[in-house]
Each structure stands twice: as C-alpha cells, then as structure tokens.
Asker: 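Next up is a structure, given as structure tokens.
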Amino acid sequence: MNDTYYEFGTAADRWDRAQMFFDAKEYLTAARILDGLVDEAPELIAPRLLLARAYYHSARLAKAETELLTVLERDPVEEYARLMLGRTLERQGRSSEAATHLRMAAALAGDFQQRDVL
C-alpha cells in the first residue's frame, strides 16, 4: 500500500478510516493514518489519544507514553489519558511511576476509596 492512501481524503475521511482500522485491530495501519492527522492538527486531543491507544495495542509503548504525556501536557485532567499512561508504564515494568497516574485517574473518576499500593 503506498503512502498516498494514508493521506487521501479530508481530515474527517482519514479520521473515519483510522477508526475503522483501529476497530478492526489493525493498529499499525490506524497509527500510520493518525500520525498524519496529529501532525496536521497537533492541538486536537482525540486523534492523539487514539494514536496513543493504537501504539499501546501494538506494543509500541514508548511511543504511546510520548503521546499520552503530550495529551496530559495540554489537558492535565484527561482521565482516560491518565489511566492509559498508568497502564503503559505498568507494561514497561515501571510500577511505582504507574501507581501515581493510576491514583490520579481514579480520583478524576470519582473513586476516592483508600487503596493499598505496593
């Protein structure tokens, strides 16, 4: 498949196509499309968050972490980005860093129960 396929159509067309590939579990293809959308509109959270999810599901954890940190830089109370960052850090074996983000995600979700964190 040539590169023009990933760039073809309006931003809305490419967003729909990226979601279709993501839903079909074709995470690398979705990421390739979303990468262009993020470059085109870096201020938007939704494409960057879906890109982070595509990276996470394709085990490109360093890239997922980078995208999630960018989302949180723009919107520090983005609950799902906090949760995903915590899970991404856990998958990288960075449990103590993950715990902070997971607690913050729980608090943002309204879950204020005391939890023991190892």
Side-chain angles (χ1 to χ4, degrees):
M1 199 175 308
N2 65 31
D3 287 340
T4 57
Y5 175 77
Y6 301 104
E7 301 165 0
F8 179 76
T10 66
D13 292 336
R14 288 177 283 141
W15 171 250
D16 289 342
R17 190 176 313 121
Q19 287 182 310
M20 179 190 70
F21 279 108
F22 185 89
D23 291 342
K25 297 182 176 18
E26 294 289 336
Y27 302 118
L28 294 176
T29 304
R32 197 161 178 188
I33 296 166
L34 289 162
D35 193 46
L37 284 172
V38 166
D39 286 345
E40 190 176 310
E43 72 283 357
L44 296 179
I45 298 292
R48 193 175 297 274
L49 196 53
L50 189 58
L51 177 58
R53 290 177 65 201
Y55 285 149
Y56 177 87
H57 287 296
S58 61
R60 294 160 64 183
L61 301 177
K63 288 185 174 223
E65 180 182 353
T66 299
E67 294 303 328
L68 292 165
L69 289 171
T70 302
V71 168
L72 291 170
E73 185 178 288
R74 291 172 175 21
D75 186 0
V77 295
E78 169 51 60
E79 173 191 337
Y80 189 69
R82 285 274 172 212
L83 176 63
M84 263 192 71
L85 181 56
R87 297 293 182 227
T88 300
L89 293 170
E90 280 182 333
R91 279 184 72 184
Q92 295 179 68
R94 296 162 56 190
S95 299
S96 62
E97 290 177 73
T100 302
H101 293 287
L102 294 173
R103 280 193 306 269
M104 290 174 72
L108 290 168
D111 182 4
F112 297 108
Q113 294 178 353
Q114 181 63 34
R115 297 199 189 317
D116 292 327
V117 179
L118 301 176

Asker: Looking at side-chain heavy atoms only, is the closest gap between Arg17 and Phe8 below 4.5 Å?
Answerer: yes
Asker: Quick one: closest heavy-atom pair of Ala30 and Ala18, and the distance?
Answerer: CB-O, 3.5 Å
Asker: Thr100: which residues meet the side chain to side chain contact (heavy atoms under 4.5 Å, CB included) condition with it, sequence neighbours left out?
Answerer: Arg103, Met104
Asker: Suppose clustering is done on Ile, Leu, Val, Met, Phe, Trp and Tyr with side-chain heavy atoms closer than 4.5 Å. Which residues sit in the same group as Val71?
Answerer: Ile45
Asker: Output the distance between atom CG (Asp39) and atom CG (Leu51), rounded to the nearest 0.5 Å.
Answerer: 9.0 Å
Asker: Report yes or no: does Arg48 contribute a side-chain atom to a donor-acceptor pair with the main-chain N or O of Leu37 at less than 3.5 Å?
Answerer: no
Asker: Return the set of residues passing salt bridge (charged side-chain N to carboxylate O under 4.0 Å, His left out) with Glu90 (not counting sequence neighbours), or none when no residue passes.
Answerer: Arg87
Asker: Arg14: what forms a salt bridge (charged side-chain N to carboxylate O under 4.0 Å, His left out) with it, not counting sequence neighbours?
Answerer: Glu40
Asker: For the NZ atom of Lys63 and the OH atom of Tyr55, what is their distance to the nearest 0.5 Å?
Answerer: 4.5 Å
Asker: Run the side-chain contact (heavy atoms from CB on, under 4.5 Å) test on Phe22 and Leu34 for me, step by step, so that the C-alpha distance in whole Å, both residues' side-chain angles and the decisive distance to 0.1 Å come before the verdict.
Answerer: CA-CA 10 Å; Phe22 185 89; Leu34 289 162; 5.7 Å; no
Asker: Go through the structure and list residues passing salt bridge (charged side-chain N to carboxylate O under 4.0 Å, His left out) with Arg94, not counting sequence neighbours.
Answerer: Glu65, Glu97
Asker: Please give the remaining members of the hydrophobic cluster of Tyr56, linking ILVMFWY side chains under 4.5 Å, ordered by chain and number.
Answerer: Leu49, Leu61, Leu68, Leu69, Leu72, Tyr80, Leu83, Met84, Leu85, Leu89, Leu102
Asker: Check Ala52 against Ala64 and note the closest heavy-atom contact, atom names and distance.
Answerer: O-CB, 3.6 Å
Asker: Do Leu50 and Pro47 touch side chain to side chain, with heavy atoms closer than 4.5 Å?
Answerer: no
Asker: Do Trp15 and Phe21 sit in the same hydrophobic cluster, where Ile, Leu, Val, Met, Phe, Trp and Tyr count as joined when their side-chain heavy atoms come under 4.5 Å apart?
Answerer: no
Asker: Mind checking whether His57 and Tyr27 have parallel, tilted or perpendicular rings, split at 30° and 60°?
Answerer: parallel
Asker: What is the distance from atom CD1 of Ile33 to atom CD of Gln19, rounded to the nearest 0.5 Å?
Answerer: 10.5 Å
Asker: Ignoring hydrogens and angles, tell me if any N or O in the side chain of Arg74 forms a donor-acceptor pair with the backbone of Pro42 under 3.5 Å.
Answerer: yes
